[in-house]
Amino acid sequence: MLVYLVRRLASTLPVLVVVSVFVFAFVHALPGDPARLEAGPEASPADIEAIRKDMGLDGPIWSQYLRWAGNTVQFRLGRSTKTRQPVAEVIGERFMPTLWLTVVAMIWATIVGVSIGVLSGVRRGRWQDRTVMVLAISGVSFPSFWMGLLLIDLFSVRLGWLPTGGYGTWKHFVMPGFTLGLAVAAVMARFTRSAFVEIMAEDYVRTARMKGVPERLVAWKHTLRNALIPVITLTGLQFGFLLGGAVVIETVFSWPGLGRLLVDSVSFRDYPVIQAVIMLFSLEFVLINLTVDVLYAVANPEIRLK
Amino acid sequence: MSATLAQPPSAAIRTPIGEFLRRFRRQHLALIALAVLLALVLSAVFAPWIAPYDPATPDYASVLDGPSAAHWLGTDAYGRDILSRIIWGGRVSLSVGFLSVALGGMVGIVIGLISGFFGGWLDGALMRLMDVLLAFPGIILAIGVVALLGPGIDNVIYSIAVFSVPVFARLVRGTTLALKQSLYVQAARSIGVGKMALMLRHILPGAMPGVIVYASLRLGTSILTAASLSFIGLGARPPSPEWGAMLADGRSFLGVADHLTLFPGLAIFVTVLAFNILGDGLRDALDQKLR
């Protein structure tokens, strides 16, 4: 197990390095002189030159990259060009709201998605199955921001039950969490159903039926357990989708998270913040996939022994 | 002699395309989706003749009017006709979808063919690069590209094309690996067919069914992503009648004039749903194993 863990961890490093090279190249391609930006509008040419040296911008490109990567690893991310606040501080405030939002969305989407996927698989071809599949394909196609606006219209503007946006109590989580998880629940339902249907055709399921195991037990014990393995993998991939979706949902519901920070920073061309948020999103995504793979190996000895 | 012998043999021969059409005709939902999409494409192409009003001319005499005989879907905050704006907006959304999928698809197909056909270190390097592209959540990658190139509909096309590339590359690579070993490709190779011809004339057609299915599904995703980018203000700019941008405009009038957000939202939903249903139908008609 430890060997697997180390090997898997080692294989994520190149991905992170390549991502960081991309992000570095991205900022390097931008017009404008970072030293001048850092120095502020009233700095003399000598001051700018001193800052350029201080920031390591006079060295060759690879040494600039190494310096930047070293700083990034230590969370020295520079200052926001808009507010002059340290970037690490800015993203620190925004990190938890986004994490909680995605976790809430993931939990309900997984529970509901897997349950109706199983229901659909058990009742394959009947009306329950067809209804679920129509709902699922609609859920995947529904623009999340439209859903958000429809919910605000109904529950905030007309009924006055829930706040239109913001962050604080559980009431603030209801609409954003539901909206963000909707597409994921739909994907989960479709995927669970097809995994379930596939396993139902296996020999050992037929054997179980033949020896008289009740249908309910066949579905929940023999089939579901094995169908869940690919579903775990999908959960990891969907987390990435949720992180992306959070950008849109946070804009709809004025959620003080990383996604809205990213959108605002792009509008203000606040490059140090953009750079840090994109790095952080990639890091989160890579770490989640790593966790999923490890869980997967715990559940399935075949993989960790290979 | 019996009459049965005289029957033409062609009735018994099923061409792959004939077989596909026969199966596709039974996908009633997919046929409806195809009809809806054709109607949307036609209305977008003929927008100048179909749209009852100019999509950009304000009319301050009828501001925020609900649906009526004069304006079937009502008017917006500047008195512009919403139906006309949706018809014109179809041009934006559909062309962003088609162009980005065509661009991303072509690059992805080339990478997939090269990667699968030549294998070795090149395959390894290209596939790692694709992994990295997939590691970015699509819309965040798109925002990164927009941040670099600036907002605007052209840049939205590039940024969405970028994250279609790995999807097609992986698909085509897989098919290429399988077909490279197949008997007919081996036979073609043995009579001296060149590498380019092997890839383009013998392997690529075999990968096309999968490409078509993915293209239909990607079209839905791309249109949805483009609308999302416009909604958060990084895509089409407000005067443009883009569907996502129209929703963003109508946001301030929730509860006052709901038709401002209702109809553009519906337009996005119906279009994306139609592409997804079509993609599912095509997949079922092309390959029953994938069900």
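Quick caveat, the model's predicted, so the values are computed rather than measured. Order of the sequence lines sets the chain letters (A, B, ...), proteins ahead of strands, with each chain counted from 1.
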### Task
Might you work through the side chain to side chain contact (heavy atoms under 4.5 Å, CB included) test for B:Leu262 and A:Trp146, ending with a clear yes or no?
CA-CA 8 Å; B:Leu262 185 64; A:Trp146 187 36; 3.8 Å; yes
### Query
Between A:Pro143 and B:Leu224, is any pair of side-chain heavy atoms under 4.5 Å apart?
yes
### Summary
dist A:Leu154:CG -> B:Asp258:CG (nearest 0.5 Å) comes out at 10.0 Å
### Summary
Whatever's closer than 4.5 Å to a heavy atom in chain B on A:Val252 counts as both
### Query
Who among A:Val248, A:Val263, A:Ile137 has the most heavy-atom pairs with chain B under 4.5 Å?
A:Ile137
#### Entry: Within 6.0 Å of CZ in A:Phe142, more than 12 heavy atoms from elsewhere
yes
### Summary
Shortest non-hydrogen pair, B:Arg251 vs A:Thr251, comes out as NH2-O, 3.3 Å
### Message
For B:Ile277, which atoms come within 4.5 Å of any heavy atom of chain A: side chain, backbone, both, or neither?
### Response
both
### Spatial distance of atom CD1 (A:Ile278) from atom CD1 (B:Ile143) [nearest 0.5 Å]
7.5 Å
### Query
Which region of A:Leu149, side chain (C-beta onward) or backbone (N, CA, C, O), has a non-hydrogen atom less than 4.5 Å from a non-hydrogen atom of chain B, or is it both or neither?
both
### Query
Out of curiosity, A:Arg158 CZ to B:Leu254 CG, how far, rounded to the nearest 0.5 Å?
9.0 Å
### Query
Counting heavy-atom pairs under 4.5 Å to chain B, which of A:Gly244, A:Ser265, A:Ser144, A:Gly245 comes out on top?
A:Gly244
### Task
For atom CZ of A:Phe178, decide whether the heavy atoms of other residues, nucleotides or ligands shown that lie under 6.0 angstrom number more than 12.
yes
### Message
Let's go through B:Leu273 and A:Ser138 carefully: what are the C-alpha distance in whole Å and the side-chain angles of both, what is the deciding distance for side chain to side chain contact (heavy atoms under 4.5 Å, CB included) to 0.1 Å, and is it a yes or a no?
### Response
CA-CA 6 Å; B:Leu273 184 65; A:Ser138 308; 4.2 Å; yes
### Message
Below 4.5 Å, heavy-atom pairs only: which of A:Val247, A:Val266, A:Val157, A:Asp153 has the largest tally toward chain B?
### Response
A:Asp153
### Query
Checking heavy atoms, do the side chain of B:Leu234, its backbone, both or neither come under 4.5 Å from chain A?
side chain
### Task
Can you label the angle between the B:Phe231 ring and the A:Phe145 ring as parallel, tilted or perpendicular, going by 30° and 60°?
parallel
### Message
Which atoms of B:Leu266 are under 4.5 Å from chain A, going by heavy atoms: the side chain, the backbone, both sets, or neither?
### Response
both
